[in-house]
Amino acid sequence: MATPSLTLVGVGPGDPSLLTLSAVEAIQKATLVAYPVSKEGEDGIAAHVAALWITEEKRRLPLLFPMVRESEPRQKAWKEASEKLVSLVMEGEEVAFLCQGDVSLFASASYVLLYIKAHHPNCPIRLIPGITAISAAAAVGEWPLSLQNDHLLILPTPNDSESLKMLLDDAFRSNTVLALLKLGRRWTWVRPLLEKKGLLNDSLFAQRVGFSDENVLLASKVPATDRPYFSLLLIRQSWPETLP
Ligand SMILES: C[S@@+](CC[C@H](N)C(=O)[O-])C[C@H]1O[C@@H](n2cnc3c(N)ncnc32)[C@H](O)[C@@H]1O
């Protein structure tokens, strides 16, 4: 019998057909499937995406990862979740911890990984990468992310328009394509700024990629209203000289 282990599994952006074969195998092999939730009693989004493979005989474990700014409750949650996962592996469970998108990109799985490597270095752990929302958005929008000498910068959307303006100016100077995550409500002021800079037709807006209400379209077609947390923006201000 193989030694029980913990597998951090990226389940992709939302469409169950975008789980990798390795992700599906890890979930099928697991005796216990854990997943992050932001509130008690909530159904985790990662669990929802992987629902087809979380069969009835498996134990399920929602783990609280509160979405707050303060450090203390977040560190407490990372510690509690990681300790729980390690103790389950010690008890002999084969554990899969699910993570929406990729396990290494703004992911709860990264906090689990860092904590366990620091405090339980002997706990067997492995990671399965997932398709990121950025790659999925680029594919749906038929939008090349980066080419030749382009740079690609992935970051959360800045909190104010002055910071975004500076970012856009720097990106223009350095041939950098921007992938702005956590767009949501910021869209109400991001759109007018893009319009002012003439960038609405150079920006791809993607909302809930991979879900049944997916919406991926040029930013010019999206009104400046609040958007869900699962929304992002890709901005390209220039193209390489040599193109087909
Ligand atoms: C905490 S990050 C998680 C990123 C995720 N680990 C990944 O690899 O895509 C959450 C942000 O990713 C973006 N995002 C994640 N899934 C998305 C989706 N299905 N559609 C659009 N944006 C998404 C949104 O910008 C959201 O605010």
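All figures in this text were calculated on a predicted structure; none of them were measured in a lab.
- Side-chain polar atoms of Asn159 and Arg186 form a donor-acceptor pair below 3.5 angstrom.
- Connection of Phe205 to Leu168 is established within a shared hydrophobic cluster, with ILVMFWY side chains joined at heavy-atom distances below 4.5 Å, either directly or through further cluster members.
- In this structure, Ser174 OG and Asn149 CG are separated by 12.0 Å, a value rounded to the nearest 0.5 Å.
- By the 6.0 Å contact criterion, CD on Glu241 is open, its count of non-hydrogen atoms from other residues, nucleotides or ligands being 12 or less.
- Within a 6.0 Å sphere centred on CZ of Phe172, heavy atoms belonging to other residues, nucleotides or ligands number 12 at most.
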**Request:** Take Lys84 and Val86 through the side chain to side chain contact (heavy atoms under 4.5 Å, CB included) test and state the conclusion after the steps.
**Result:** CA-CA 5 Å; Lys84 183 74 191 163; Val86 172; over 6 Å; no
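- Of all heavy-atom pairs between Thr188 and Thr225, the closest is CG2-C, 3.7 Å.
- Within a 6.0 Å sphere centred on CD of Glu91, heavy atoms belonging to other residues, nucleotides or ligands number more than 12.
- Of the residues listed (Ile27, Thr7, Val9, Ile128), the one engaging Ser22 in a side-chain contact (heavy atoms from CB on, under 4.5 Å) is Ile128, and it is the only one.
- Stacking of Arg74 on the aromatic ring of Trp78 is not recorded, the 6.0 Å distance cut-off and the 45° axial limit not both being met.
- Closest non-hydrogen pair, Pro13 versus Leu18, comes out as CG-CD1, 3.8 Å.
- Here the CG atom belonging to Asp213 is positioned 7.0 Å from the CD atom belonging to Gln207, to the nearest 0.5 angstrom.
- When all heavy atoms of Ala219 and Leu194 are compared, the pair lying nearest together is CB-CD1, 4.4 Å.
- Using a 4.5 Å heavy-atom threshold, the side chains of Leu98 and Ile54 count as touching.
- The side-chain heavy atoms of Val11 and Trp53, taken from C-beta on, include no pair separated by under 4.5 Å.
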**Request:** List the steps, then state whether salt bridge (Lys or Arg N to Asp or Glu O under 4.0 Å) holds for Lys76 with Glu80.
**Result:** CA-CA 6 Å; Lys76 183 168 173 281; Glu80 281 176 9; 3.2 Å; yes
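- One N or O on the side chain of Glu214 and one on the backbone of Gly210 form a donor-acceptor pair closer than 3.5 Å.
- Residues Glu195 and Arg191 are paired through a salt bridge, judged by an N-O separation under 4.0 Å between the basic side chain and the carboxylate.
- Between Asp43 and His48, every side-chain heavy-atom pair lies at or beyond the 4.5 Å cut-off.
- The pair Asp150-Arg236 meets the salt-bridge criterion, with a side-chain N (NZ, NE, NH1 or NH2) lying under 4.0 Å from an Asp/Glu carboxylate O.
- In this structure, Tyr111 places its OH atom where only 12 or fewer heavy-atom neighbours from other residues, nucleotides or ligands lie under 6.0 Å away.
- Residues Lys197 and Asp169 are paired through a salt bridge, judged by an N-O separation under 4.0 Å between the basic side chain and the carboxylate.
- The number of heavy-atom neighbours closer than 6.0 Å to CG of Leu21, taken from other residues, nucleotides and ligands shown, is 12 or below.
- Proximity of a side-chain donor or acceptor of Ser231 to a complementary backbone N or O of Gly184 within less than 3.5 Å is detected.
- Residues Thr157 and Leu233 form no side-chain contact, since every pair of their non-hydrogen atoms from C-beta on lies 4.5 Å or further apart.
- Relative orientation of the Phe97 and Phe65 rings is tilted, given thresholds of 30° and 60° on the angle between their planes.
- Between Ile116 and Leu6 the shortest side-chain heavy-atom distance falls below 4.5 Å.
- Trp239 and Leu234 fall into different hydrophobic clusters, where Ile, Leu, Val, Met, Phe, Trp and Tyr residues are linked whenever their side-chain heavy atoms come under 4.5 Å apart, directly or through other members.
- A donor-acceptor distance shorter than 3.5 angstrom exists from the side chain of Ser110 to the backbone of Val103, with no hydrogens or angles considered.
- Contact check for Leu52 versus Val24: no side-chain heavy atoms found under the 4.5 Å cut-off.
- At a threshold of 4.5 Å between side-chain heavy atoms, the hydrophobic network of Ile, Leu, Val, Met, Phe, Trp and Tyr places Leu32 and Val112 in one connected group.
- Note that CH2 of Trp143 is 8.0 Å distant from CG of Asp202, once rounded to the nearest 0.5 Å.
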**Message:** Between Leu181 and Ile134, does the side chain to side chain contact (heavy atoms under 4.5 Å, CB included) criterion hold? Intermediate values first, please.
**Reply:** CA-CA 9 Å; Leu181 301 183; Ile134 297 165; 3.9 Å; yes
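- Remark: side-chain polar atoms of Lys58 are paired, donor with acceptor, to backbone N or O of Gln28 under 3.5 angstrom.
- For Pro129 against Asp102, the heavy-atom pair with the smallest separation is CA-OD1, 3.2 Å.
- Between atom CG of residue Leu243 and atom CG of residue Leu147 there is a gap of 6.5 Å, rounded to the nearest 0.5 Å.
- Nearest heavy-atom pair, Ala109 versus Leu8, reported as atom, atom and distance to 0.1 Å: O-CD1, 3.6 Å.
- Atom OG1 in Thr31 sits 7.5 Å away from atom CZ in Arg59 (nearest 0.5 Å).
- By the criterion of side-chain heavy atoms lying less than 4.5 angstrom apart, applied directly or through intervening Ile, Leu, Val, Met, Phe, Trp or Tyr residues, Leu113 is grouped together with Val89 in one hydrophobic cluster.
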**Request:** Please assess Gln100 against Tyr35 for the test side chain to side chain contact (heavy atoms under 4.5 Å, CB included), listing each intermediate value before the final yes or no.
**Result:** CA-CA 9 Å; Gln100 193 260 351; Tyr35 46 89; over 6 Å; no
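- A donor-acceptor contact shorter than 3.5 Å is absent between the side chain of Ser203 and the backbone of Leu200.
- At a threshold of 4.5 Å between non-hydrogen side-chain atoms, the residues Tyr229 and Lys182 count as touching.
- The environment of CG in Asp226 is crowded: more than 12 heavy-atom neighbours from other residues, nucleotides or ligands sit within 6.0 Å.
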**Prompt:** Given the rule in the side chain to side chain contact (heavy atoms under 4.5 Å, CB included) test, do His119 and Lys79 qualify, once you have shown the distances and angles that lead to the verdict?
**Reply:** CA-CA 10 Å; His119 299 278; Lys79 177 177 178 180; over 6 Å; no
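- Note: Glu162 CD to Leu193 CG = 9.0 Å, rounded to the nearest 0.5 Å.
- A heavy-atom distance below 4.5 Å is found between the side chains of Ser38 and Met67.
- Other residues, nucleotides and ligands place more than 12 heavy atoms under 6.0 Å from the CD atom of Gln148.
- Using a distance-only test at 3.5 Å, with no hydrogens or angles considered, a donor-acceptor pair links the side chain of Glu94 to the main chain of Ser5.
- Residues Glu142 and Pro144 share a closest heavy-atom pair of O-CD, 3.8 Å.
- Residues Leu167 and Ile235 are members of one and the same hydrophobic cluster, defined by side-chain heavy-atom contacts under 4.5 angstrom among Ile, Leu, Val, Met, Phe, Trp and Tyr.
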